[in-house]
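Each remark here refers to the structure printed beneath this line.
Within every chain, numbering begins at 1; the chains are lettered A, B, ... in the order of the sequence lines, protein sequences first and strands thereafter.
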Protein chains: 2
Amino acid sequence: MNPDGAGRRPPTAQQFVLAELRRAITTGRLRPGAPIRQDALAEELQVSRVPLREALKTLEGEGLVTHQAHKGYCVATLSLDDLREVYRIRELLEEEAVRRAVVRLTDADLDRLEAVQGDVERAAAAGDVLAMATANRVFHMTLFDCAGMPRLARLIRTLWDSTDAYRSMYYGDGGNRERVVKEHRATLDALRRRAADEAVATLNVHRDHAVTELRSLLPASP
Amino acid sequence: MNPDGAGRRPPTAQQFVLAELRRAITTGRLRPGAPIRQDALAEELQVSRVPLREALKTLEGEGLVTHQAHKGYCVATLSLDDLREVYRIRELLEEEAVRRAVVRLTDADLDRLEAVQGDVERAAAAGDVLAMATANRVFHMTLFDCAGMPRLARLIRTLWDSTDAYRSMYYGDGGNRERVVKEHRATLDALRRRAADEAVATLNVHRDHAVTELRSLLPASP
DNA sequence: TCTCCATATTTTGGATCCAATATTGAAAAT
DNA sequence: ATTTTCAATATTGGATCCAAAATATGGAGA
């Protein structure tokens, strides 16, 4: 399918570790708030602590882990306020991305989006939570990349990452999966008609619902 | 003046190196595009390469340096498009920050802003470019911090950092310094009257002028 | 029993050393 | 003379080792 398939190990150890850690955090295998024991992790991943620490520094920059000198790293925990803040910032940035994308979308772009939407619908039908999360993400990022603003896209990507640990739970519910499918359809339709306001609105509805749902999933008082 | 004065060396080597590198890049001592020779830098800063590399990873996350595996780090260069993109993103985020700040500003906050504005005016009068850049930055960050959205403030800070190398040149011109002083006054006035739209507008004018000026300072074809 | 302090252990931060990759320069072949 | 190949060198990536700090442990005193 893809030339450098998902299983191919990256050229450097820190890139490998980075990918592994990101997955572990965004899928929830490393729980929010959990301390990161460097020695144990390094041994588990079969690398020394040096590349591990560099990967952690990258993740710290992205807000997925926190660090205190001489105390170590922890998987970041988001308070309700943090979550709301992230979603508000996403709203600002994604609106811009969509508006730029709308006026630049080619037919090929729309075809790609349609194809990805196919993946989303298949995952939703199959009830495959992980595939759903991945395809949904690809759908949005594909759209945002069309804005032709690489830095903006990167920022948005980072914001998504920082809440992935919580978002995965969202797709556990079949109703939510159906909802996402419908909302994507509405977005695609608006994009085809170059209706920017409408496209932005559908995404905002989507986000608002997600943040509402996530409130109930948050730890009691972080 | 300040309990942990500027000259105090941070507790860990990587924090020290991080601060040093940030200064070197944002003041232009390390020029955009310049390769970063780790051995030489480590020796110059009297540390080993390990904390240096961790600091570089942090700076990479902030976009101040770029990295290629097995080739090394370079000080990031911004194309005109990059610059415009950064300023556009800033516009989006700073508008939000200002609007939130306006409804939360206390008298103490306004007093602090007024005090910082005093620093700005003194630096402008003295023609001290570095002091001017610093005070201007403090003025804006103080305002943005009042929004009570720490992540938003951090993002904005990072965006400022990424263009600091170019912005320093801006203050070389006395006319620009005067302009900044006047625009800050207008912003402060609008803030006092809780006139959000107006405050946002003054900042937008400010940014637009800066980005126009910076166009002429960019390298020919990066 | 609880608190406080000294000590031992664990864990992180940093330095040095080695390996892998990239770059440079020179020699050889066309 | 130009290009290509191959070796020498320089530079980065990673592993191991040591030092510093924090945490856990245990005992003495109130």
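Separating the CD atom of Glu54(B) from the C1' atom of dG13(C) is a distance of 8 Å, rounded to the nearest angstrom. When rounded to the nearest whole Å, the span between CD of Gln15(A) and C1' of dT12(D) equals 13 Å. Atom OH in Tyr73(B) sits about 18 Å away from atom P in dT21(C), given to the nearest Å. Rounded to an integer number of Å, the gap from Leu41(A) CG to dT11(C) P is 13 Å. Atom CD in Gln38(A) sits about 15 Å away from atom P in dG14(D), given to the nearest Å. Note: CD (Gln68(A)) to P (dA21(D)) measures 16 Å, nearest angstrom. Taking atom NE2 of residue His70(A) and atom P of nucleotide dA20(D), one finds them 11 Å apart after rounding to whole Å. Taking atom CD of residue Glu43(B) and atom C1' of nucleotide dT11(D), one finds them 15 Å apart after rounding to whole Å.
With dG14(C), dT12(C), dG14(D) as the choices, the nucleotide that has an atom nearest any side-chain atom of Asp39(A) turns out to be dT12(C). If you check dA21(D), dT11(C), dA15(D) against the side chain of Arg37(A), the one that comes closest is dT11(C). Distance from the side chain of Lys71(A) is smallest for dA22(D) among the nucleotides dA22(D), dG13(C), dG14(D). You'll find that the side chain of Arg53(B) is closest to dG13(D), out of dT16(C), dG13(D), dG13(C).
Tested against Leu92(B), the residues Arg88(B), Glu95(B), Glu94(B) include a single side chain to side chain contact (heavy atoms under 4.5 Å, CB included) partner, Arg88(B).
Note that Arg84(A) lies outside the cation-pi zone of Tyr87(A), set by a 6.0 Å cut-off to the ring centre and a 45° limit from the axis.
No side-chain donor-acceptor contact under 3.5 Å links Asp145(B) and Thr142(B).
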Worksheet item: Given Leu59(B) and Tyr73(B), is the side-chain contact (heavy atoms from CB on, under 4.5 Å) satisfied, shown in steps?
Response: CA-CA 10 Å; Leu59(B) 293 175; Tyr73(B) 292 88; over 6 Å; no

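Close to dG13(D), at under 4.0 Å from its OP1 or OP2, lies no side-chain N or O of Gln14(A). Considering only side-chain N and O atoms, His67(B) lies under 4.0 angstrom from the phosphate OP1 or OP2 of dG13(D).
For Asp161(A) and Arg137(A), the salt-bridge test passes: some basic side-chain N is under 4.0 Å from an acidic carboxylate O.
Taking the nucleotide of DNA chain D with the nearest heavy atom to each of Ser48(A) and Ile36(B), the more 5' of the two is matched to Ile36(B).
In this model, no side-chain donor or acceptor of Arg49(B) finds a partner on the base of dG14(D) within 3.5 Å.
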